[in-house]
**Student:** 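Have a look at this one.
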Amino acid sequence: MQHSAVLNVMIKAAQRAGRALKRDLGEVEHLQVSLKGPRNFVTAADRKAEETVRAELAKARPDYGFLGEEGGAREGSDKAHRWIVDPLDGTTNFLHGIPHFAVSIALERDGAIVAGVVYNPANDEVFVAERGKGAYLNDRRIRVAGRAKLADAVVACGMPHFGRGDLALARHEIAAAQQHFAGLRRYGAATLDLAWVACGRLDAYWERNLAPWDLAAGALLVREAGGFVSDCDGKGDILKSGDVVAGNDFMHRELLRLLQEAAREAGRAEIREASAP
Ligand code: IPD
Ligand code: CA
Ligand code: CA
């Protein structure tokens with residue numbers, strides 16, 4: 001499969017950082033038992049991965065801007081182009097030695113995402129997409145699943161934790177999902193949740209309070225695989241809202257409907273609680 005020069009640069013950068021993370025995963029497993037635990041080691045691995053990606057991309061495109069989760073934003077002299085990078089998505093999985101995490105790199109041109117790579121080094125799966133050119137997994141063209149029955153669907157979601165996010169709303173959303181879908185999954189890496197929708201392993205996915213680096217590459221994968229992506233109100237600018245709903249046409253529409261119903265129910269529940277004697 002012939003990819004463009006810029007996509008090959010992105011794949012090489014992701015694989016370089018990913019190989020080091022895969023090595024580090026082995027070390028993380030040893031650190032599980034240590035008193036201090038692996039947290040500092042993981043933070044260092046996260047930062048090292050971002051630096052590896054940034055340096056690799058800068059070698060090929062020194063003028064492009066850069067937005068990374070760990071190091072923040074760096075302006076480039078070329079104002080039309082910006083990299084959006086999550087060097088280690090699925091940090092909590094990685095911290096526990098769970099081999100489900102990814103390096104995510106997206107290229108933004110004039111405000112639109114035109115190329116994306118999501119690489120899971122633990123199983124060596126490279127998901128790529130370029131705008132108008134389709135989506136691929138290890139050079140095999142991928143499409144979203146064609147299921148059109150909620151009772152057959154396996155859906156992934158985020159789960160607010162530690163007081164982050166709206167737990168009451170999430171409870172209503174998860175309860176609605178449990179009543180309609182064959183299975184609900186919480187995998188812990190938003191970039192891979194979107195990549196798995198793009199290749200049809202998952203029928204749909206939703207999550208709130210995500211950052212542009214969690215979403216940019218994965219959303220392009222879903223769209224280039226024939227899927228639909230929006231925020232929880234059905235609007236398109238997910239990098240701004242931080243909320244995402246993804247799936248094939250039917251699943252996206254149905255999940256949106258269920259989430260909006262759950263939000264209304266959560267609102268009613270809140271009023272009931274507030275007016276309770
Ligand atoms: C997190 C993962 C997780 C999602 C969190 C993200 P990180 O990214 O994608 O699945 O629920 O909201 O912050 O911190 O592991 O890069
Ligand atoms: Ca992330
Ligand atoms: Ca991260």
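Order of appearance sets the numbers: ligands from 1, and atoms from 1 within every ligand.
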**Student:** As an exercise, identify every atom of ligand 1 less than 4.0 angstrom from a heavy atom of A189.
**Tutor:** 9 (O), 10 (O)
**Student:** To the nearest 0.1 Å, how far is atom 9 (O) of ligand 1 from its closest protein heavy atom, and which atom is that?
**Tutor:**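 Sorting protein heavy atoms by distance from atom 9 (O) of ligand 1 puts D89 OD1, 2.6 Å first.
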**Student:** Give me the residue, atom name and distance of the protein heavy atom closest to atom 4 (C) of ligand 1.
**Tutor:** E207 OE2, 3.2 Å
**Student:** Ion pair present between E51 and R54, side-chain N to carboxylate O less than 4.0 angstrom?
**Tutor:**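 Judged by the 4.0 Å cut-off on N to carboxylate O distance, E51 and R54 do form a salt bridge.
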**Student:** With atoms numbered from 1 as shown, which atoms in ligand 1 lie under 4.0 angstrom from a non-hydrogen atom of D86?
**Tutor:**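 Close to D86: 16 (O).
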**Student:** What residue pairs, at least two apart or across chains, pass salt bridge (Lys or Arg N to Asp or Glu O under 4.0 Å) with a residue in residues 96-107?
**Tutor:**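 Listed once each, the pairs would be none.
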**Student:** Is there a heavy atom of G158 sitting under 4.0 angstrom from any atom of ligand 1?
**Tutor:** no
**Student:** Between ligand 1 and R186, can you find any atom pair, the residue atom being a heavy atom, that is separated by under 4.0 Å?
**Tutor:**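 Within the 4.0 Å threshold, so yes.
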**Student:** So which heavy atom on G247 is nearest to which on H252, and how close?
**Tutor:**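 Between these two residues, the closest heavy atoms are O-CB, 4.1 Å.
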**Student:** Would M159 end up clustered with L255 when hydrophobic side chains under 4.5 Å apart are linked, directly or stepwise?
**Tutor:** yes
**Student:** Is atom CZ of R16 surrounded by more than 12 heavy atoms (other residues, nucleotides or ligands) closer than 6.0 Å?
**Tutor:** no
**Student:** Can you give each donor-acceptor pair under 3.5 Å made by side-chain atoms of residues 6-13, sequence neighbours left out, with the distance rounded to 0.1 Å?
**Tutor:**
residue	atom	partner	partner atom	Å
N8	ND2	H3	O	3.4
N8	ND2	S4	O	3.4
K12	NZ	E56	OE2	3.3

**Student:** With heavy atoms under 4.0 Å as the rule, classify the contact between A211 and ligand 1 as side chain, backbone, both or neither.
**Tutor:**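 No part of A211 is near ligand 1 at this cut-off.
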**Student:** Working note: F127 + N120, criterion side-chain contact (heavy atoms from CB on, under 4.5 Å); need CA distance, chi angles, decisive distance, verdict.
**Tutor:** CA-CA 9 Å; F127 295 88; N120 180 349; 5.6 Å; no
**Student:** Which residue owns the protein heavy atom closest to atom 13 (O) of ligand 1, what's the atom, and how far is it?
**Tutor:** R164 NH2, 3.9 Å
**Student:** Check whether any side-chain heavy atom of I113 lies under 4.5 Å from a side-chain heavy atom of L239, and answer yes or no.
**Tutor:** yes
**Student:** So is N209 polar-close to ligand 1, meaning N/O to N/O under 3.5 Å?
**Tutor:**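 The answer is no, given that N209 and ligand 1 share no N or O pair closer than 3.5 Å.
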**Student:** Identify the protein heavy atom lying closest to atom 10 (O) of ligand 1, giving its residue, its atom name and the separation to 0.1 Å.
**Tutor:** G188 C, 3.0 Å
**Student:** Which atoms of ligand 1 are found less than 4.0 Å from any heavy atom of T91?
**Tutor:**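 Those qualifying, in numeric order: 7 (P), 14 (O), 15 (O), 16 (O).
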**Student:** What protein N/O/S atoms lie closer than 3.0 Å to the Ca ion (ligand 2)?
**Tutor:** D86 OD2, D89 OD1, D214 OD1
**Student:** Under 4.0 Å from any heavy atom of L88, which atoms of ligand 1 are there?
**Tutor:**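 Going through ligand 1 atom by atom, the ones under 4.0 Å from L88 are 16 (O).
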**Student:** Does ligand 1 have any atom sitting under 4.0 Å from a heavy atom of E69?
**Tutor:**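 Heavy atoms of E69 do come under 4.0 Å of ligand 1.
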**Student:** Which of parallel (below 30°), tilted (30 to 60°) and perpendicular (above 60°) describes Y187 and H100?
**Tutor:**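 The rings of Y187 and H100 sit tilted, inter-plane angle from 30° to 60°.
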**Student:** Specify the closest pair of heavy atoms between A20 and K48, including all atoms of both residues, with the distance to one decimal.
**Tutor:**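 Taking every non-hydrogen atom into account, CB-CE, 4.5 Å.
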**Student:** Would you tabulate the side-chain donor-acceptor contacts of residues 75-89 under 3.5 Å, counting partners in other chains and residues two or more places apart, or write 'none'?
**Tutor:**
residue	atom	partner	partner atom	Å
E75	OE1	K79	NZ	2.9
D78	OD1	A80	N	2.8
D78	OD1	H81	N	3.2
D78	OD1	H81	ND1	3.3
D78	OD2	H81	ND1	2.8
K79	NZ	G76	O	2.7
H81	NE2	R109	NE	2.9
R82	NE	E108	OE1	2.8
R82	NH2	E108	OE1	3.2
R82	NH2	E108	OE2	3.3
D86	OD1	L88	N	3.3
D89	OD2	A190	N	3.1
D89	OD2	T191	N	2.9
D89	OD2	T191	OG1	2.7

**Student:** Compute the shortest N/O to N/O distance between T92 and ligand 1 and return yes if it is under 3.5 Å, no if not.
**Tutor:** no
**Student:** Heavy atoms only: give me the nearest V118-L221 pair and the separation to one decimal.
**Tutor:** CG2-CD1, 3.8 Å
**Student:** Would you say L210 and ligand 1 have an N/O pair spaced under 3.5 Å apart?
**Tutor:**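 No, there is no polar N/O contact under 3.5 Å.
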**Student:** Which heavy atom of E130 sits nearest a heavy atom of A115, and at what distance?
**Tutor:**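 Closest pair (atom of E130, atom of A115, distance): CG-CB, 4.0 Å.
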**Student:** Does D193 have a non-hydrogen atom less than 4.0 Å from ligand 1?
**Tutor:**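 The answer is no: ligand 1 sits nowhere under 4.0 Å from a heavy atom of D193.
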**Student:** With distance as the sole test, does Q178 use its side chain to make a donor-acceptor pair with the main-chain N or O of L184 at under 3.5 Å?
**Tutor:** no
